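Comments concern the structure below.
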Amino acid sequence: MNYDHILIRYGELALKGKNQKFFIRTLRSNVQQALSDYKGLSIKGQRDHMYILLNGEDPYPIIERCKDIFGIQSFSLAMKVNNDEESIKEGTLEAIKKEEGETFKVTCKRPNKEFPKSSQEMNRLLGGHILRNTEGWEVDVHQPDAAIRVEIRHDATYITSGRTEGKGGLPVGSTGKSLLMMSGGIDSPVAGYLTMKRGVKLEAIHFHSPPFTSERAKQKVEDLAQSLTKFGGDVTVHYVPFTELQQKIFKNVPEYYGMTVMRRVMMRVSEQLAKQHDILSLATGESLGQVASQTMESMNAINEVTNYPIIRPLVAMDKNEIINIAKEIDTYDISIRPYEDCCTIFVPKQPKTRPKREKILELEASVDFTQEINEAIDQVETVVYKNNANHKQDSFDDLL
Amino acid sequence: MIYLDNSATTKPYDEVVDTFQKVATTYFANPSSIHALGGEVEALLTKSKEQIASLLKIKPNEVIYTSGGTESNNLAIKGTAHGYQSRGNHLITSKVEHPSVLETFRYLETQGFTVTYLSVDESGHISLEELKEVITNETILVSLMHVNNEIGTIQPIEQVADLLAEYPKIVFHVDHVQGFGKLSLPYHHPHLDLVTISGHKIHGLKGSSCLIKKEHIHLTPLQHGGGQEHGVRPGTENIASAVSLAKAMRIAKENEHSYQKLALLHETLVNELTKYDNVKINSPQSGASHILNFSVQNFKPEVLIHALKEEGVIVSTKSACSSKDNEVSHVLEACGLSDVSASSAIRVSMSTEQNQEEVHSFLQAFKNVMNKYEKIMGS
């Protein structure tokens, strides 16, 4: 008998009361989407666990892919046997035969209290059965090489061994949508990733100002969005043409206030776009004190233009912590490609680190950006990046 | 013509040549250029690494493109020796390595490094016990080949990697040139640090190769320049060569199952050749199926090779890289073969494309040659 299931343990979502069904449904559909190219699988979402029925597929690449899905606490390989003593004994013996090592332990749980023997009794019974029918295995209840878990449920008994940790978090799509302001740097994709971790479906907004910004900066954003899809399914990116607005800002606002005003305008565009797409919050990669636009004064001055909630998962993180996550999620190498983006051009030599709100209001009073903002939004180019698909690189397939 | 010298080089697949040509003419921009054309080429380069990485279950940034097996071996060995010099100066390899490995170690001996050359038994295998014994506090590198190019011995690479887990300071390099596409390695093994793969041995093109270098390994580059390939192998990327390698590797992996078939062909060869009293098989029984080394007593290998060529069959003496000097094979000598056998060895090396008919034609040609010349040579 072989492992025929992957057992998925839910994270926090098991606690979510009446919404639990919705959370499980969302997770199930995310798992299904991530594994859509495995035709043979079937996925069952139950109240306490989810099962992937392998139907002969190799479980390891499937587990690898599921590791990136939020809402999963851990995985184990499992076999399903009937709820009778003999079948459970036989299955446990099969499970230990697949393991390597010298010491083992059997942990039995019995949510099905109708089963006639207690967990403790079953532990002893199954341990004894293994000892009698194998050679070289000894019991070690503290640090065993192989830990076999036996769960006697109402429908059947599941025998599992090994445990791979998942990413935790909540299933993407279960807590609404957010619009991530994505420049192409190191921080914003990490912020997007962490936002998704709390179950948020991500859309992104990117400002580009050709010819001041490089086409390759836009390619960076495409590649970043693509790499985020493995965590959150489809990622929609709105590309905003920003050249007109940027030129107007730097013509009409003194250099040292230009950056602050530019951020305020970006925030206004983002809010307006979010409204258009029924998105209820914005997300940014801001980290307190990291650069001039992320001081307390700047954040205060910039935040003023919107009353949308702004999710800032990185606000209290050190740069090194952010970089470590970026490396872990494979966005770092994309982010460090050296091209000018909307945040790096027109950076004054000495930007205001403590912009004054009154001064900004006074400066903005004489320039009206409304028309240009509306035009920019009209010309937004929207692209959806799909999980499991190589959006623009399909043309390479016949070469490789 | 029946070509049985595939361990020297293989005939490139048409698809691989097509890819090379298309990429060379279409994606000619420099991937480091900031314009979109450069971006497209960079994306193609990235895609090719992703493909190799997914074949080997490693990370894309662990693929370093090089110009050949020789360069990969040089980069791995010298790069490690110089890169980790501050940790020790003792290096370990075996007596039966390819010249691109052996000569590199000999060079490093002139640079102040101490090298231990592991001995092998008559089947060409190193011993794990000897390896354990020769490791010292100064040891920084173990370099071993996976499949021997002359006789096909398969070294216990995974066991060595497991063993080296106890020595975190030691870098492990494997010359996988004759193994890739036929016998797989656990590429993701945490102690398999550097792996040499060559394109032209797997129906790819000459000049297309790579070195798998795990993320945590820092090599001192052989050449210095513009920082390409993470600074390990600078120089404008040879994109057409890179993409053609990725393709050849994919096809080789897909054909890996054909290796099973070679076991049968190998068996046929051994059974038929041992019927001749003067033929002695030099390859170990447990060796790789695609390489068969044998000696014909009292028959100069050159004469046999030329005679077989007249019958339309191409085979070779020892390895092509050292077959021009008329010396005894260092591999056979290390295995303890008599001088006579060691200097009269013939190598038949098959590709996964080989079939039964070709093997029969070879055997027929061999029979013809033996009948024709045995009386003259046999005295």
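Owing to the predicted nature of the structure, the values given are computational and were not obtained by experimental measurement. When reading the values below, keep in mind they use all heavy atoms of this one structure, side chains included, and skip hydrogens, waters and symmetry mates. Order of the sequence lines fixes the chain letters, A, B, ..., with proteins taken first and strands second; residue numbering starts at 1 for each chain.
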Do A:Glu215 side-chain atoms and B:His35 backbone N/O form a donor-acceptor pair below 3.5 Å?
no
So for atom NZ, which belongs to A:Lys319, do other residues, nucleotides or ligands contribute more than 12 heavy atoms lying within a distance under 6.0 Å? yes
message: Atom CD of residue position B:Gln223 - does it have more than 12 heavy atoms of other residues, nucleotides or ligands inside 6.0 Å?
response: yes
Honestly, the part of B:Phe20 sitting under 4.5 Å from a heavy atom of chain A is neither
In this structure, CZ of A:Phe396 is separated from CG of B:Leu45 (nearest 0.5 Å) by 10.0 Å
A:Lys197 NZ: over 12 foreign heavy atoms closer than 6.0 Å: no
Whatever's closer than 4.5 Å to a heavy atom in chain A on B:Asp18 counts as neither
Q.
Treating A:Arg216 as the side-chain partner and B:Ala36 as the backbone partner, does any N or O pair qualify as donor plus acceptor under 3.5 Å?
A. no
For a salt bridge (charged side-chain N to carboxylate O under 4.0 Å, His left out) check, start with the C-alpha distance between A:Asp330 and B:Lys59, then their side-chain angles and the critical distance, and finish with the verdict. CA-CA 10 Å; A:Asp330 292 329; B:Lys59 294 182 181 167; 6.0 Å; no
Interatomic distance, CG@A:Leu400 vs CD@B:Glu15, rounded to 0.5 Å, equals 13.0 Å
Cut-off 4.5 Å, heavy atoms of chain B, and the answer for A:Asp333 is side chain
Rounded to the nearest 0.5 angstrom, the CD-CD1 distance for A:Gln219 and B:Ile34 is 11.5 Å
* Does A:Glu165 CD have over 12 foreign heavy atoms under 6.0 Å away? -> yes
With a sphere of 6.0 Å drawn around CD of A:Glu138, does it hold more than 12 non-hydrogen atoms of other residues, nucleotides or ligands? no
- Task: Assess whether atom CG of B:Asp14 is packed by more than 12 heavy atoms of other residues, nucleotides or ligands within 6.0 Å.
- Result: no
task: Using a cut-off of 6.0 Å, state whether more than 12 heavy atoms not belonging to B:Lys169 lie near its atom NZ.
output: yes
Does any part of the side chain of A:Leu399, heavy atoms only, come nearer than 4.5 Å to the side chain of B:Lys247, both counted from C-beta?
no
